[in-house]
Amino acid sequence: MPSIEVCLSPALFDVEKINKKTVVVIDVLRATTTICNAIANGASCVIPVISQAECEEYEQYKNHLLAAERKGEKVKGFKFGNSPFDYPEEVIKGKTLVLTTTNGTKAIRIVEDAKNLLIGSFINISALCNRISELNQDAILLCSGWKDEPCLEDSLFAGACIDKLETFALANDSAILAYNAYQVYKKDMFQAFTKCGHYSRLKTLVSEKELRFCASSDQVTVVPEYKNGKIKA
Ligand code: MLT
């Protein structure tokens, strides 16, 4: 029986562990939701980068959209930010999105050597869990958190995945914590989000519609996967 463990913050992550495991990066508010939506709307790929300078290096290429977020806001000088709604089909289809965010893209790069590195969010949860089951390997759910602190919304998503992955054994106490937190809040995920620190940060910056979208399950069926620097469907 494969097992599933949860890492509540990148600061707690041990890269030695990724060998032969499925790793899922989670940043439901909002980097991984944005990536899932961009790929579902036809992005040819997403390149996650750590710094704004690294992002700007792609300026020279055609068909590349450069996007940067810090503290929840679009960074001055960049045309695109980290809202899933920035990337409807008419904007993103056939384009490469080069994205840097405060925590999410950093977390992806920490585990970039994983054999199977998947991108998870509520909007693709069922497709994601089907793919984790299909791979049938031990899995690690890595929560991006906020500046190395665990955060509730990512932990709840990890718990929601565990709830679906019934045949996986729980491998650590963080998995038990996430699963039990999800049981407490599962009836109304948007309501749960309103208790999160990052919700407080975002509520004056983005629409409620966007935050509800991030809390809503199964809006898309893609499972973005990172390989050789690029995230593709
Ligand atoms: C992050 O990477 O920390 C975020 O996705 C922040 C945000 O834009 O909401």
Side-chain angles (χ1 to χ4, degrees), residues 7-13 23-41 43 46-56 65-88 91-92 97-112 117-125 128 141-158 189-190 192-216 219-220 224 226 231:
C7 180
L8 294 172
S9 150
L12 301 170
F13 196 78
V23 179
V24 179
V25 175
I26 302 165
D27 184 3
V28 295
L29 286 177
R30 296 165 293 166
T32 55
T33 305
T34 296
I35 292 169
C36 289
N37 207 41
I39 296 287
N41 286 336
V46 177
I47 300 178
V49 296
I50 293 174
S51 68
Q52 294 164 39
E54 200 182 345
C55 194
E56 281 163 344
L65 307 186
L66 308 191
E69 166 277 332
R70 291 294 180 268
K71 298 184 190 155
E73 295 186 73
K74 179 160 74 71
V75 175
K76 217 170 149 216
F78 283 81
K79 192 162 171 210
F80 293 91
N82 184 31
S83 164
F85 291 171
D86 283 349
Y87 307 103
V91 171
I92 196 67
L97 174 62
V98 187
L99 177 67
T100 175
T101 72
T102 311
N103 305 287
T105 56
K106 249 161 79 179
I108 294 168
R109 295 290 297 273
I110 288 172
V111 290
E112 65 186 352
L117 171 44
L118 312 178
I119 305 299
S121 64
F122 280 104
I123 71 164
N124 74 335
I125 186 168
L128 171 78
L141 307 180
L142 172 59
C143 301
S144 298
W146 182 262
K147 297 195 172 173
D148 285 341
E149 290 279 339
C151 67
L152 181 60
E153 69 276 15
D154 290 344
S155 313
L156 290 174
F157 178 76
M189 202 41 63
F190 175 71
F193 273 27
T194 64
K195 300 185 188 314
C196 300
H198 194 42
Y199 177 90
S200 314
R201 217 172 279 120
L202 288 177
K203 71 177 183 202
T204 55
L205 303 173
V206 310
S207 67
E208 183 179 315
K209 189 174 169 208
E210 178 173 331
L211 295 165
R212 285 189 181 275
F213 179 73
C214 296
S216 58
Q219 302 299 309
V220 303
Y226 178 97
I231 300 169

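All ligand and atom numbering here is 1-based and tracks the order in the structure.
A side-chain hydrogen bond (donor to acceptor under 3.5 Å, both in side chains) with Asn82 holds for exactly one of Asp27, Thr102, Thr34; it is Thr34.
A salt bridge links Arg109 with Glu54: the closest approach of a Lys/Arg side-chain nitrogen to an acidic carboxylate oxygen falls below 4.0 angstrom. Taking the charged nitrogens against the carboxylate oxygens, Glu69 and Arg30 have no contact shorter than 4.0 Å, which rules out a salt bridge.
At a 4.0 Å cut-off, not a single heavy atom of Lys71 sits close enough to ligand 1 to count as contact.
Within the 4.0 Å heavy-atom criterion, the part of Leu202 lying near ligand 1 is the side chain and not the backbone. Under 4.0 Å from ligand 1, the heavy atoms of Glu69 that appear belong solely to its side chain.
The single protein non-hydrogen atom nearest to atom 3 (O) of ligand 1 is Asn103 ND2, 2.6 Å, given as residue, atom name and distance. Of the protein's non-hydrogen atoms, the one nearest atom 5 (O) of ligand 1 is Asn82 ND2, 2.8 Å. Regarding atom 2 (O) of ligand 1, its nearest protein heavy-atom neighbour is Thr101 OG1, 2.6 Å. Of the protein's heavy atoms, Asp27 OD2, 3.1 Å lies nearest to atom 1 (C) of ligand 1.
Checking only distances, Gly104 does come within under 3.5 Å of ligand 1, N or O to N or O. Looking at ligand 1, you won't find any N or O of Gly72 less than 3.5 Å from one of its N or O atoms. Considering backbone and side-chain N/O of His198, one or more are found under 3.5 Å from N/O of ligand 1.
For the pair Thr100 (side chain) and Ile50 (backbone), a donor-acceptor distance under 3.5 Å is present. Counting only distance, with no hydrogens or angles, the side chain of Asn103 and the backbone of Lys147 share a donor-acceptor pair below 3.5 Å.
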Between Leu128 and Phe157, does a side chain to side chain contact (heavy atoms under 4.5 Å, CB included) hold up when you go through it step by step? CA-CA 12 Å; Leu128 171 78; Phe157 178 76; 3.7 Å; yes
Check against ring pair (Phe, Tyr, Trp, His ring centres under 6.0 Å), Phe213 and Phe122: CA-CA 9 Å; Phe213 179 73; Phe122 280 104; over 10 Å; no
